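Here is how names work: the chains are called A, B, and so on, in the same order as the sequence lines, proteins then strands, and each is numbered from 1. Owing to the predicted nature of the structure, the values given are computational and were not obtained by experimental measurement.
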Amino acid sequence: MATVLQQQVWDKLKEIPQGRVTTYALLAEAVDKPKAVRAVASAVGKNPDLIVVPCHRVVRSDGLVGEYAGGQKKKIQLLTQEGVNIKNKKIPTVDFYIFDSN
DNA sequence: GCTCTGACGATTT
DNA sequence: GAAATCGCCAGAG
């Protein structure tokens, strides 16, 4: 049962291009709820399909990859495979994808 | 309807 | 600079 919040979050994730990542904070802002990072993160973790929703492209604001349903290692491997520059489980802020204000 | 938990963030010590 | 604490919103029991 997908809630409205999840629909918003997942839809935004689909806008993230390959080789680029976003943070839970930016994602929260994208859904117009910058303080609801906890709820947004929970929504991402509850995604039913890891294919239609690139949840592995969501990282923490600190650059840490954070958690992942398939395992943190798997997440890092996938991101690296897509061209994301990960160093010691961390990602440079320059690789953060900022959602369009539109 | 109230309480607890959660793939987090920012601030303070 | 790193570790610990408090705060935040939404969903589930």
Side-chain angles (χ1 to χ4, degrees):
Chain A
M1 181 61 182
T3 64
V4 182
L5 184 65
Q6 291 178 347
Q7 305 263 352
Q8 296 279 342
V9 174
W10 301 343
D11 185 66
K12 293 294 178 183
L13 292 183
K14 291 189 233 171
E15 293 185 45
I16 305 173
Q18 184 180 29
R20 212 48 49 132
V21 295
T22 192
T23 72
Y24 295 99
L26 292 171
L27 197 54
E29 290 187 83
V31 297
D32 201 62
K33 292 174 185 302
K35 311 304 289 191
V37 287
R38 307 297 311 276
V40 172
S42 293
V44 177
K46 283 166 189 170
N47 91 76
D49 294 289
L50 304 177
I51 311 302
V52 297
V53 180
C55 47
H56 60 272
R57 290 181 190 159
V58 189
V59 300
R60 290 185 47 156
S61 62
D62 304 277
L64 283 168
V65 292
E67 287 296 305
Y68 182 58
Q72 193 181 56
K73 195 179 107 178
K74 189 78 172 207
K75 184 171 182 177
I76 296 169
Q77 191 176 305
L78 283 168
L79 290 170
T80 305
Q81 197 172 249
E82 291 190 354
V84 180
N85 182 19
I86 302 180
K87 189 63 172 179
N88 192 16
K89 298 182 179 138
K90 301 253 306 211
I91 302 173
T93 58
V94 295
D95 278 16
F96 289 177
Y97 172 73
I98 312 299
F99 292 95
D100 199 291
S101 305
N102 182 20

I would like to know whether A:Val59 and A:Phe96 meet side chain to side chain contact (heavy atoms under 4.5 Å, CB included); could you show each step before the answer?
CA-CA 9 Å; A:Val59 300; A:Phe96 289 177; 3.8 Å; yes
Could you tell me how far apart A:Leu50 (CG) and B:dA7 (C1') are, to the nearest whole angstrom?
12 Å
Please state how far atom CG in A:Leu26 lies from atom C1' in B:dA10, giving the value in whole angstrom units.
14 Å
Within the distance-only criterion (no hydrogens, no angle test), does the side chain of A:Lys89 pair as donor or acceptor with the backbone N or O of A:Leu64 below 3.5 angstrom?
no
Heavy-atom donor-acceptor pair, A:Asn47 side chain to A:Val44 backbone, under 3.5 Å
yes
Would a distance-only check, ignoring hydrogens and angles, find a side-chain to backbone donor-acceptor pair under 3.5 Å from A:Glu82 to A:Arg20?
no
Apply side-chain contact (heavy atoms from CB on, under 4.5 Å) to A:Pro48 and list each qualifying residue two or more places apart in sequence or on a separate chain.
A:Trp10
Return the residues of residues 55-90 of chain A meeting this criterion: a heavy atom under 4.0 Å from some atom of DNA chain C. Order them by number, or give none.
none
Its 5'-most and 3'-most nucleotides having an atom under 4.0 Å from a non-hydrogen atom of chain A, DNA chain C is contacted over C:dG7 to C:dG11
Using a heavy-atom distance cut-off of less than 4.0 Å, which residues of residues 29-44 of chain A contact DNA chain C?
A:Lys33, A:Lys35, A:Ala36, A:Arg38, A:Ala39
Residue-level proximity of residues 7-16 of chain A to DNA chain C when a heavy atom falls under 4.0 Å
none
Can you list, by chain and residue number, the hydrophobic cluster partners of A:Leu78 when the side-chain cut-off is 4.5 Å?
A:Leu50, A:Tyr68
